[in-house]
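Here the structure comes first, spelled out in structure tokens, and everything after it is commentary.
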Amino acid sequence: QVQLVESGGGLAQAGGSLRLSCAASDRSLSTYAMAWFRQVPGKEREFVAVIANNGATNYADYVKGRFTISRDSPKITLYLQMNSLKPEDTAVYYCAASRLFTRAESGYAYWGQGTQVTVSS
């Protein structure tokens, strides 16, 4: 059974930084694209960033230049370095894996349980 486990969430001040990690349990995911999504209560989950197994990346406009997605293929671990945080970045952050390099939530077969990020002003 494939599992994705996020860690690294917490509380940060506006302008600060946090680094999220997502560990995968199955080495087959090394061939998958992996992504970060986020969700605020009462709103739809939204795309943040995706990285292909070849290292290609794509970012949502609202995080471009502030967030960096990366992956450690041997350990099948996904990262999200979040800098210059804003209160509007407050959300539950989810990692996900897909056979496709896509921004569409529907393209992702595997999801983590989420980690809370709270940014205070």
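When reading the values below, keep in mind they use all heavy atoms of this one structure, side chains included, and skip hydrogens, waters and symmetry mates.
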- prompt: Any side-chain heavy atom of Tyr79 sitting closer than 4.5 Å to one from Thr77?
  reply: yes

- request: Please lay out, stage by stage, how Tyr59 and Val48 fare under the test side chain to side chain contact (heavy atoms under 4.5 Å, CB included).
  value: CA-CA 6 Å; Tyr59 294 89; Val48 174; 6.0 Å; no

task: Consider only side-chain heavy atoms of I, L, V, M, F, W and Y, link residues closer than 4.5 Å, and tell whether Tyr93 and Tyr62 are in one cluster.
output: yes

Close side-chain approach of Phe101 and Ile51, heavy atoms under 4.5 Å: no

- request: Name all pairs fulfilling the salt bridge (Lys or Arg N to Asp or Glu O under 4.0 Å) condition that reach into residues 5-14, sequence neighbours left out, sorted by first residue then second.
  value: none

message: Working note: Glu105 + Glu44, criterion side chain to side chain contact (heavy atoms under 4.5 Å, CB included); need CA distance, chi angles, decisive distance, verdict.
response: CA-CA 10 Å; Glu105 180 180 352; Glu44 293 187 353; 6.0 Å; no

field: Separation between CD of Gln13 and OG of Ser121, rounded to the nearest 0.5 Å
entry: 9.5 Å

- request: Could you note down all residue pairs passing disulfide (SG to SG under 2.5 Å) where residues 25-61 supplies at least one of them, sequence neighbours left out?
  value: none

query: Between Gly8 and Leu18, which heavy-atom pair has the shortest distance, and what is it?
result: O-CD2, 4.1 Å

query: Quick check: does any side chain N or O of Ser84 sit under 3.5 Å from a backbone N or O of Arg66, one acting as donor and the other as acceptor?
result: no

task: For the residue pair Phe37 and Tyr108, categorise the inter-ring angle as parallel (less than 30°), tilted (30 to 60°) or perpendicular (more than 60°).
output: perpendicular

- request: Using distance alone, with no hydrogens and no angle criterion, decide if Asn83 and Ser17 have a side-chain donor and acceptor under 3.5 Å apart.
  value: yes

message: Nearest 0.5 Å, please: how far is CD in Gln116 from CG in Leu11?
response: 10.0 Å

- prompt: With the 4.5 Å side-chain cut-off for hydrophobic clustering, are Tyr94 and Tyr32 part of the same group?
  reply: no

field: side chain to side chain contact (heavy atoms under 4.5 Å, CB included) assessment of Trp36 paired with Cys22
entry: CA-CA 9 Å; Trp36 290 98; Cys22 172; 3.8 Å; yes

message: Side-chain heavy atoms nearer than 4.5 Å, only ILVMFWY residues, links allowed to pass through others: does that put Leu80 and Trp111 together?
response: no

message: Working to the nearest 0.5 angstrom, can you tell me the gap between Arg99 CZ and Asn53 CG?
response: 11.5 Å

NZ/NE/NH1/NH2 to OD/OE distance under 4.0 Å, Asp61 and Lys64: yes

query: Counting heavy atoms not belonging to Gln81, are there more than 12 under 6.0 Å from its CD?
result: yes

- request: Drop me the distance from Leu4's CG to Ser25's OG, to the nearest 0.5 angstrom.
  value: 7.0 Å

query: Got Val92 and Arg45 here, is their nearest side-chain heavy-atom distance under 4.5 Å?
result: no

task: Could you tell me the separation between the CZ atom of Arg38 and the CG atom of Asp89, rounded to the nearest 0.5 Å?
output: 5.0 Å

query: Do side-chain atoms of Arg103 reach the backbone of Asn58 as a donor and acceptor pair under 3.5 angstrom?
result: no

message: Tell me whether Val117 shares a hydrophobic cluster with Phe47, the cluster being built from Ile, Leu, Val, Met, Phe, Trp, Tyr side chains joined at under 4.5 Å.
response: no

Closest approach of Leu100 to Ala33 (non-hydrogen atoms, all atoms of both residues): O-CB, 3.3 Å

message: If I take atom OG from residue Ser21 and atom CG from residue Leu78, how far apart are they, to the nearest 0.5 angstrom?
response: 8.5 Å

message: Quick check: is Val2 connected to Ile76 through a chain of hydrophobic side chains (ILVMFWY, heavy atoms under 4.5 Å apart)?
response: yes

field: Shortest non-hydrogen separation from Ala91 to Val40 and the atoms involved
entry: CB-CG2, 3.9 Å

query: Looking only at heavy atoms, which two atoms of Thr102 and Gly107 are closest? And how far apart?
result: CG2-CA, 4.3 Å

- prompt: Are the side chains of Met82 and Arg19 in touch, meaning some heavy atoms are under 4.5 Å apart?
  reply: no

